[in-house]
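Only heavy atoms go into these numbers, but all of them, side chains included; no hydrogens, no water, no symmetry mates. This one's a predicted model, so the numbers in the text were calculated from it and none came from an experiment. A note on names: the letters A, B, ... follow the listed sequences, proteins ahead of strands, and every chain is numbered from 1.
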There are 2 protein chains.
Amino acid sequence: MAAINFSFDAAPPLDESDANRPIGSGGGELDLELIELLFFAYRDFVGEADHILEAIGYGRAHHRVVYFVMRNPGLRVSDLLDILQITKQSLSRVLKQLIDDGYIEQRPGPIDRRERLLYATEKGEQLASDLSARQHVRLMRALAPLPQGARAIVRDFLGNMIDAPAPGAPVDRKG
Amino acid sequence: MAAINFSFDAAPPLDESDANRPIGSGGGELDLELIELLFFAYRDFVGEADHILEAIGYGRAHHRVVYFVMRNPGLRVSDLLDILQITKQSLSRVLKQLIDDGYIEQRPGPIDRRERLLYATEKGEQLASDLSARQHVRLMRALAPLPQGARAIVRDFLGNMIDAPAPGAPVDRKG
DNA sequence: AATTTATGGCAGCCATGTTGACATACTTCG
DNA sequence: CGAAGTATGTCAACATGGCTGCCATAAATT
């Protein structure tokens with residue numbers, strides 16, 4: 001639990017007031033600073049919710065499922081598989097628990113009754129909110145000291161990091 | 001492999017030219033947009049290196065180990081445990097493989113000979129660079145369309161997301 | 001009626017995280 | 001010197017959450 005992040009002692013030769021270009025024109029060097037900052041940031045970000053989850057015997061897989069169902073009520077199972085990019089079996093294990101425990105409920109699709117549309121129960125909404133609240137606070141704390149417009153920059157950066165941007169999503173706000 | 005990220009259909013009511021405050025003063029709403037963008041961004045970011053790793057039968061754990069040894073030559077095992085925040089047993093499994101396969105070598109500490117200082121071999125350096133290069137390209141592609149100074153914003157944001165910032169690291173550049 | 005689709009379930013494998021106990025080599029302290 | 005502490009390695013055992021393959025069922029489609 002020491003939460004040591006090690007010193008970034010070999011930090012890239014970057015000036016504080018720098019722009020995009022991450023490394024001096026010297027050679028084919030890599031932006032290792034951002035790579036490891038992303039690692040540490042995500043590690044601590046997801047670690048945030050673990051206390052709540054432990055208390056009810058759940059793991060991160062449950063978190064992700066209840067989160068995306070809360071965010072997209074009426075989601076089909078196959079949609080969830082696409083979002084999480086895991087297999088049916090991996091999903092069904094945790095989904096079954098969440099349904100049995102009353103966090104998520106299924107209703108047959110009104111048009112195609114083979115579908116089992118997923119909805120978070122009130123209990124499920126509550127859980128998802130509790131978990132997200134912690135992460136929200138961390139995000140706000142991280143953004144607060146940054147200049148105006150930082151949130152938009154971060155959002156666009158993250159959006160651009162994704163393989164296939166959501167339709168109608170990002171982002172090219174240089175000009 | 002469909003890499004569907006689902007539409008962020010319930011996207012927060014945020015204006016493009018917005019600043020820090022993520023949600024209208026209405027109530028206790030959460031910045032779910034950033035939460036899930038971070039999830040997708042990291043998912044695709046770490047998925048980047050998987051092809052290379054699969055080819056040699058390694059997983060992400062090996063990646064992390066060889067990366068941090070490359071970044072911090074002469075690291076002690078206990079330092080690595082602190083960085084990765086895993087247990088000795090989890091580390092030793094992958095570390096043993098990396099040593100056996102010639103990616104990492106150990107040398108006794110010059111002062112305290114109980115220590116086994118870790119160094120990446122040339123083979124290990126090569127592997128770490130190959131892996132990082134992919135991620136570097138993704139980062140550069142994500143930053144390229146953003147305005148001047150975006151990299152610094154992103155770096156500071158990520159740094160602020162970390163539990164215990166590295167000594168002498170981030171960052172409070174609002175004023 | 002036959003086929004396709006959406007879902008569920010079972011068996012079993014693998015990677016990677018965990019704890020606890022113990023061994024070895026070395027350093028440090030009294 | 002001998003005792004105690006430290007850095008590391010190792011073994012057994014277990015949990016989580018990925019994976020594949022195969023099969024079942026219900027409903028839609030042709």
Practice task
Would you list the pairs meeting side-chain hydrogen bond (donor to acceptor under 3.5 Å, both in side chains) in which at least one residue belongs to residues 116-128 of chain B, sequence neighbours left out?
Solution key: Gln126(B)-Asp130(B)
Problem - Partners meeting side chain to side chain donor-acceptor pair (under 3.5 Å) with Arg141(B) (sequence neighbours left out) - result: none
Exercise for the section: Using a 4.0 Å heavy-atom cut-off across all strands, classify Ile111(B) as base, sugar-phosphate, or nothing. Expected result: sugar-phosphate
Exercise for the section: Send over the distance from Asp112(A) CG to dT25(D) C1', rounded to a whole Å. Expected result: 14 Å
Problem - Residue pair Ser132(B) / Ser129(B), side-chain donor-acceptor N/O under 3.5 Å - result: no
Practice task
Summarise how protein sits on nucleotides 9-22 of chain D as a single string, 5' to 3': B when a protein heavy atom is under 4.0 Å from the base, S for sugar-phosphate-only contact, - for no contact.
Solution key: BBBB----BBBB--
Residues 54-61 of chain B, side-chain donor-acceptor partners within the protein, below 3.5 Å, at least two apart:
{"unit_1": "Tyr58(B)", "atom_1": "OH", "unit_2": "Asp101(B)", "atom_2": "OD2", "d": "2.4"}
{"unit_1": "Arg60(B)", "atom_1": "NE", "unit_2": "Asp50(B)", "atom_2": "OD1", "d": "3.4"}
{"unit_1": "Arg60(B)", "atom_1": "NH2", "unit_2": "Asp50(B)", "atom_2": "OD2", "d": "2.9"}

Exercise for the section: Let me know the distance between CG of Leu81(B) and C1' of dT16(C), rounded to the nearest Å. Expected result: 14 Å
Completion exercise
Between CG of Asp79(A) and C1' of dT5(C) the distance, given in whole Å, is 14 Å
Fill in the blank from the handout: Here the distance between atom C1' of dA7(D) and atom CD of Glu115(B), to the nearest Å, is 7 Å
Handout entry: Distance below 4.0 Å between Ser78(A) side-chain N/O and dT7(C) OP1 or OP2
Key = yes
Fill in the blank from the handout: Contacts of His62(B) meeting side chain to side chain donor-acceptor pair (under 3.5 Å) (sequence neighbours excluded), chain-then-number -> Gln97(B)
Exercise for the section: Calculate the interatomic distance between Leu117(A) atom CG and dA27(D) atom P; express it in whole Å. Expected result: 14 Å
Handout entry: Sequence neighbours excluded, every pair satisfying ring pair (Phe, Tyr, Trp, His ring centres under 6.0 Å) that has a member inside residues 66-94 of chain B
Key = Phe39(A)-Phe68(B), Phe40(A)-Phe68(B)
Exercise for the section: Grab the CG-P distance between Asp82(B) and dT6(D) for me, whole Å please. Expected result: 15 Å
Exercise for the section: Assess whether one donor atom and one acceptor atom, taken from the side chain of Arg114(A) and the base of dT5(C), lie less than 3.5 Å apart. Expected result: yes
Handout entry: Atom pair distance, as rounded to whole Å: CG in Leu75(B) and P in dA7(D)
Key = 14 Å
